[in-house]
Engineer: 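Below you'll find the structure I mean.
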Amino acid sequence: MTSLQQDVLIEELVKRTLENGGLTFDFKNHEFVKPQDYWYFPKYPGLTAIVDQSELADSLNTFIAANQNLLLEDDVVFGTWVNPKTNKVYIDINTFNKDRAIALRIAKELSENQGREIVSMYNPIQEKTEYIDH
């Protein structure tokens, strides 16, 4: 990806995050992911970046550069989410599962194993954010 292409992508990621409250992007196929009936949550919660909206473009550049290899794994997508309680933007490497109970169990396990609590998981088809009690 050229520097210009990266700049255009970052601009689009910022725009869609702020307009829609978040987004899902597949770096492996270089495409925005259409909503699917899956529960999305961070695969690597220890890498989650939580930033002010004013810092989003710079933070996206830094996050993507630092995690290029992880963003190309088969079972991940890149995600952003604006927490409505804080207006902070979460930048994540997400994984997903169709079954809510399994997704919840995995998210809790990842939180424990990586030493950072996953705040929520999201299902775009159901338009539900589920906050996770630990």
Engineer: To the nearest 0.5 angstrom, please state how far the CG atom of Leu60 sits from the CG atom of Leu9.
Structural biologist: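 It comes to 8.5 Å.
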Engineer: Taking Phe32's backbone N and O only, do any of them form a donor-acceptor pair with Arg16's side chain (distance below 3.5 Å, no angle check)?
Structural biologist: no
Engineer: CG/Leu70 to CZ/Phe63 distance, rounded to the nearest 0.5 angstrom?
Structural biologist: 8.5 Å
Engineer: Verify, without hydrogens or angle tests, whether Gln53 (side chain) and Asn87 (backbone) share a donor-acceptor contact under 3.5 angstrom.
Structural biologist: yes
Engineer: Which distance, rounded to the nearest 0.5 Å, do you find between the CG of Leu104 and the CG of Asn97?
Structural biologist: 11.0 Å
Engineer: How close do Pro124 and Pro35 get, counting heavy atoms only, and between which atoms?
Structural biologist: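 That closest heavy-atom pairing would be CB-CB, 3.9 Å.
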Engineer: Are more than 12 heavy atoms from other residues, nucleotides or ligands located less than 6.0 Å from atom CG of Asp75?
Structural biologist: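 Atom CG in Asp75 is crowded, with more than 12 foreign heavy atoms closer than 6.0 Å.
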Engineer: Which residues, ordered by chain and number, are linked to Val33 in its hydrophobic cluster, where ILVMFWY side chains connect at heavy-atom gaps below 4.5 Å, directly or through other members?
Structural biologist: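 Members alongside Val33: Tyr38, Tyr40, Val77, Phe96.
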Engineer: Do other residues, nucleotides or ligands put more than 12 heavy atoms under 6.0 Å from Lys128 NZ?
Structural biologist: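 No.
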Engineer: Side chain of Asn83, backbone of Lys85: donor and acceptor closer than 3.5 Å?
Structural biologist: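 The answer is yes, because a donor-acceptor pair under 3.5 Å joins these two groups.
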Engineer: Short question: side chain of Asn123, backbone of Gln126 - any donor-acceptor pair under 3.5 Å?
Structural biologist: yes
Engineer: Distance check, rounded to the nearest 0.5 Å: Thr17 atom OG1 versus Leu23 atom CG?
Structural biologist: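 The CG atom of Leu23 is 3.5 Å from OG1 of Thr17, to the nearest 0.5 Å.
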Engineer: Stepwise, does the side-chain contact (heavy atoms from CB on, under 4.5 Å) test hold for Ile132 with Val119?
Structural biologist: CA-CA 6 Å; Ile132 300 171; Val119 174; over 6 Å; no
Engineer: Compare every heavy atom of Ala107 with every heavy atom of Ile118, then report the nearest pair and how far apart it is.
Structural biologist: CD1-O, 3.4 Å
Engineer: What I want to check is whether the side chains of Asn29 and Asp26 have a donor and an acceptor closer together than 3.5 Å.
Structural biologist: yes
Engineer: Could you walk me through whether Glu130 and Arg100 satisfy the side-chain contact (heavy atoms from CB on, under 4.5 Å) test, starting with their C-alpha distance in whole Å, then the side-chain angles of each, then the deciding distance to 0.1 Å, before giving a yes or no?
Structural biologist: CA-CA 10 Å; Glu130 182 155 333; Arg100 182 197 154 280; 2.7 Å; yes
Engineer: Does Met121 form a side-chain contact (heavy atoms from CB on, under 4.5 Å) with Tyr131? I'd like the steps, not just the answer.
Structural biologist: CA-CA 7 Å; Met121 57 186 197; Tyr131 291 90; over 6 Å; no
Engineer: Report yes or no: is the cationic atom of Lys28 (NZ for Lys, CZ for Arg) closer than 6.0 Å to the six-membered ring centre of Phe78, at no more than 45° off its axis?
Structural biologist: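 That pair does not qualify as a cation-pi contact.
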Engineer: Hey, are Lys108 and Glu112 close enough for a salt bridge, meaning a charged N less than 4.0 Å from a carboxylate O?
Structural biologist: no
Engineer: Which heavy-atom pair separates Leu71 from Phe27 by the least distance, and what is that distance?
Structural biologist: O-CB, 3.7 Å
Engineer: Do Tyr122 and Ile102 share a hydrophobic cluster, counting only Ile, Leu, Val, Met, Phe, Trp and Tyr and linking them when any side-chain heavy atoms are less than 4.5 Å apart?
Structural biologist: no
Engineer: Checking the side chain of Thr24 only, and the main-chain atoms of Gly79 only, is there a donor and an acceptor separated by less than 3.5 Å?
Structural biologist: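 Not at all, since once roles are kept as given, no pair shorter than 3.5 Å links the two residues.
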Engineer: Any idea which heavy atoms bring Thr48 and Arg116 closest together, and the distance?
Structural biologist: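 Looking at all heavy atoms of both residues, the closest pair is O-NH1, 2.8 Å.
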Engineer: Is Lys15 paired with Glu11 through a side-chain N to carboxylate O contact shorter than 4.0 Å?
Structural biologist: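 The answer is no: the pair does not qualify as a salt bridge.
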Engineer: Would you sort out whether Asn61 and Gln6 count as a side-chain contact (heavy atoms from CB on, under 4.5 Å), showing the intermediate values?
Structural biologist: CA-CA 8 Å; Asn61 270 313; Gln6 172 111 357; 3.2 Å; yes
Engineer: Measuring from Thr80:OG1 to Leu56:CG, what's the distance to the nearest 0.5 Å?
Structural biologist: 7.0 Å
Engineer: Got a second to check how far Glu73's CD is from Tyr44's OH, nearest 0.5 Å?
Structural biologist: 3.0 Å
Engineer: Would you name the heavy atoms of Pro45 and Leu110 that are closest together and state the gap between them?
Structural biologist: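 Distance-wise, the nearest heavy atoms are CG-O, 3.8 Å.
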Engineer: Can you establish whether the number of heavy atoms outside Glu31 located under 6.0 Å from its atom CD is more than 12?
Structural biologist: yes
Engineer: So do Ile10 and Ile64 actually touch side chain to side chain, heavy atoms under 4.5 Å?
Structural biologist: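 Side chain of Ile64 against side chain of Ile10, heavy atoms only: contact under 4.5 Å found.
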Engineer: Counting distance only, does the side-chain N/O of Asp99 pair as donor-acceptor with the main-chain N or O of Ala101 below 3.5 Å?
Structural biologist: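 A pair under 3.5 Å: yes.
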